[in-house]
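Single-structure report; data block below.
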2 protein chains.
Amino acid sequence: MSTSSGAHGGSVTMRDVAKAAGVSVATVSHVVNDKAGARIGEDTRLRVQEAVAALGYRPNALAKTLSQGTSRFIGLVTDQVATTPFAGQIIHGAQDEAWKHGYVLLVANTDGNEAVEGDAIAMMLEHQVHGILYSTWYHREIAVPEALHQTDTVLVDCFASESGLPSVVPDEVQGGRTATQELLAAGHRRIAFINTTTPSPAQSGRLAGYRSALEEAGIAFDEALVVPASPEQEGGYDATAAILASGATAVFCHNDRVAMGLYDGLRDQGLRIPDDIAVIGFDNQEVIAAHLRPPLSTVALPHYELGATGVRVLLGMESAPTSGPLLIACPSIRRESV
Amino acid sequence: MSTSSGAHGGSVTMRDVAKAAGVSVATVSHVVNDKAGARIGEDTRLRVQEAVAALGYRPNALAKTLSQGTSRFIGLVTDQVATTPFAGQIIHGAQDEAWKHGYVLLVANTDGNEAVEGDAIAMMLEHQVHGILYSTWYHREIAVPEALHQTDTVLVDCFASESGLPSVVPDEVQGGRTATQELLAAGHRRIAFINTTTPSPAQSGRLAGYRSALEEAGIAFDEALVVPASPEQEGGYDATAAILASGATAVFCHNDRVAMGLYDGLRDQGLRIPDDIAVIGFDNQEVIAAHLRPPLSTVALPHYELGATGVRVLLGMESAPTSGPLLIACPSIRRESV
DNA sequence: CTGAAAGCGCTAACAC
DNA sequence: GTGTTAGCGCTTTCAG
């Protein structure tokens with residue numbers, strides 16, 4: 001508190017440190033950045049470090065960026081990711097990975113509004129982002145915003161076949177297969193699948209996975225076992241009758257919410273899970289899955305990994321196949337409903 | 001695509017525009033920023049604007065910040081907010097509000113790790129943030145990280161009495177009162193309250209609100225009606241017997257998860273909601289509340305508003321009382337369980 | 001009405 | 001080993 005330096009306002013610059021230590025700014029720069037080939041006398045180094053500490057010097061990252069010409073920002077623009085419950089993990093993963101490599105995340109939520117989206121991208125470009133991660137809150141195909149072509153961009157949890165942009169998405173097929181295999185492993189042979197009525201990579205992918213697991217197990221696919229439902233609690237509840245009628249001993253639900261609805265329906269019929277009928281979900285929406293009675297076994301959507309992998313791809317440390325999206329595995333989460 | 005300008009790399013600078021338009025950079029700066037007192041000839045202005053468009057010029061926000069000495073960044077450091085389901089709304093609110101005033105949010109999730117926290121704050125300071133919003137994922141008292149004193153900071157969803165730092169938190173008392181009033185308004189007189197066993201502003205605040213609503217309605221407080229429970233589904237489920245024994249016709253649950261558990265318990269007893277017993281929750285955790293059967297009436301935690309108000313306070317457009325935190329109202333969300 | 005020039009805080013050759 | 005000197009892209013007096 002001796003000098004008026006420390007806190008706010010007239011922040012301490014490198015020049016101040018140089019003056020205090022009786023050296024030049026170049027020298028300060030060298031010791032502050034631990035420059036490789038910079039041979040600095042032990043005494044000078046110490047004097048500088050003391051001055052830095054004494055004055056509470058803090059480098060100005062913006063000035064550094066300007067002179068180096070290369071920024072350490074990575075942009076993340078999302079439609080709803082920041083808002084939707086579990087997908088916030090995309091941000092989390094991206095942030096952790098970015099930090100690990102010395103980058104800082106600039107986040108923008110657009111609420112799916114194109115104008116906002118344009119502004120967000122512009123703002124990021126003006127901040128010299130190294131590149132942009134463009135993500136959606138559920139896996140789907142998108143039309144790439146024009147502005148994105150002005151910088152490196154990688155699509156996260158979405159894709160755009162024609163664009164040629166690298167993309168990172170969950171492996172829905174493997175996920176569907178995994179869910180089904182869990183049921184198979186528990187001894188079930190007649191497995192129903194409550195699929196969503198909404199066309200999407202999840203709808204077709206999970207179904208494909210379900211079929212492939214069945215086939216692998218030598219079980220014939222039975223059209224009657226896949227029952228369509230709206231992808232919510234209501235859908236699951238309403239599907240109860242059809243499930244019961246199908247004679248299935250286990251059911252793979254398109255997502256955890258559907259499973260939650262089915263739980264209610266099954267319960268109304270006096271059926272017990274997993275004794276009378278086994279249930280597995282998809283998404284691993286914590287609030288729901290972990291606390292249903294009994295806790296729901298499910299397959300997780302790898303949001304954190306999606307975000308982290310996205311920045312790795314952006315930074316060129318990993319690359320997406322030219323043929324299509326980079327698929328991230330959906331791991332099985334075992335609880336007590338199977 | 002004519003010049004090698006447009007996209008990547010050698011991004012177009014103001015000098016390029018100046019040269020193209022046959023004017024000086026100063027002039028370009030003036031027209032680009034629509035400088036107030038800058039009287040520029042109509043023709044010159046047009047020439048510049050054309051050059052800007054033709055070259056795809058984009059101002060370098062970092063350089064601008066450097067020369068102006070004032071940044072447009074606001075930092076948001078959180079412990080888990082980015083990860084936890086509903087609290088992501090804090091980010092959302094902060095971001096929207098920041099943008100509205102021309103600021104950009106720098107987000108950092110610390111996972112509650114102090115070292116990471118220190119790094120995050122340092123990084124923000126190095127990026128010359130205008131100030132920092134420090135938030136937690138649930139309302140509580142905190143010890144303010146030393147580093148925060150180096151810049152303007154406002155606490156969001158947390159407070160530190162001794163610090164003197166402005167703070168914005170949900171009004172737990174009003175929330176508890178509101179929940180109770182909803183039940184009262186539906187004609188109930190014997191209302192139970194399943195409170196959490198964890199000491200916290202929520203625990204004491206909601207209880208105070210419950211009592212005040214009762215008093216206001218001329219109903220004596222009955223100790224036997226408040227049943228303690230762990231603040232989760234399990235707690236709610238386990239509280240069922242006590243609730244039934246209490247003879248209450250309605251119950252106010254400490255949070256939605258507890259209500260979810262209670263739903264299960266009540267159901268096991270063959271009771272119907274709200275016919276046999278009314279239930280109201282707290283938090284408004286969408287995934288749960290909106291989709292329980294019947295949909296759960298609850299009181300919302302104003303996360304979005306918390307974030308938005310936080311930046312308003314930081315920007316000096318609103319101010320917290322010196323006596324304590326700025327209280328944000330928790331609105332009633334009516335669904336079908338009352 | 002427009003341009004020249006200094007300077008924001010820092011880095012990066014290149015001297016000494 | 002350490003200091004000098006140009007910039008980085010932009011804003012901002014101050015001349016003309």
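Letters go in sequence order (proteins before strands), and every chain restarts at 1.
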### Message
Below the 4.0 Å mark, does C:dT11 have OP1 or OP2 next to a side-chain nitrogen or oxygen of A:Asn33?
### Response
yes
### Query
When you match A:Ser67 and B:Leu66 each to their closest nucleotide on DNA chain C, which lands nearer the 5' end?
B:Leu66
### Query
Between B:Ser29 and D:dC10, does any side-chain N or O lie under 4.0 Å from OP1 or OP2?
no
### Query
Which whole-number value in Å describes the distance from B:Leu62 CG to D:dC8 C1'?
11 Å
### Task
Mind calculating the distance between NE2 (A:His30) and P (C:dT11) to the nearest angstrom?
9 Å
### Task
Can you tell me the distance, in whole Å, between the NE2 atom of B:His127 and the P atom of C:dG9?
16 Å
### Query
What orientation do B:Phe73 and B:His127 show, parallel under 30°, tilted 30 to 60°, or perpendicular over 60°?
perpendicular
### Query
Does OP1 or OP2 of C:dT2 have a side-chain N or O of B:Ser24 closer than 4.0 Å?
no
### Message
If I take atom CZ in residue B:Arg72 and atom C1' in nucleotide D:dC10, what distance separates them, rounded to the nearest angstrom?
### Response
16 Å
### Task
Determine the contact category for B:Val28: base if any of its heavy atoms lies under 4.0 Å from a base atom, sugar-phosphate if only primed atoms, P, OP1 or OP2 are that close, otherwise nothing.
nothing
### Per A:Thr13 side chain, nearest of listed nucleotides C:dC10, C:dT2, C:dG3
C:dC10
### Message
Which label fits A:Tyr304 and A:His92: parallel for a plane angle under 30°, tilted from 30 to 60°, or perpendicular past 60°?
### Response
perpendicular
### Message
Classify B:Gly69 by what it touches in the nucleic acid, base, sugar-phosphate, or nothing, heavy-atom distance under 4.0 Å.
### Response
nothing
### Query
Does some side-chain heavy atom of B:Met14 sit less than 4.5 Å from a side-chain heavy atom of B:Tyr57?
yes
### Separation of atom CD in A:Glu42 from atom P in D:dT2, rounded to whole Å
10 Å
### Query
Out of C:dC10, D:dT12, C:dG3, which has the shortest distance to the side chain of A:Met14?
C:dC10
### Task
Return the 5'-most residue of the pair B:Asp43, B:Gln68 with respect to DNA chain C, ranking by each residue's nearest nucleotide.
B:Asp43
### Message
Can you measure A:Asn60 atom CG to D:dC8 atom P for me and round it to whole angstrom units?
### Response
18 Å
### Query
Base, sugar-phosphate, or nothing for A:Thr65, non-hydrogen atoms under 4.0 angstrom?
nothing
### Summary
note: B:Leu55, atom CG; D:dG9, atom C1'; distance rounded to Å ~ 15 Å
### Query
Going by the angle between their ring planes, with limits at 30° and 60°, are A:Tyr103 and A:His130 parallel, tilted or perpendicular?
perpendicular
## Note on the structure
Rounded to whole Å, the NZ-P distance (B:Lys19 to C:dG3) equals 14 Å
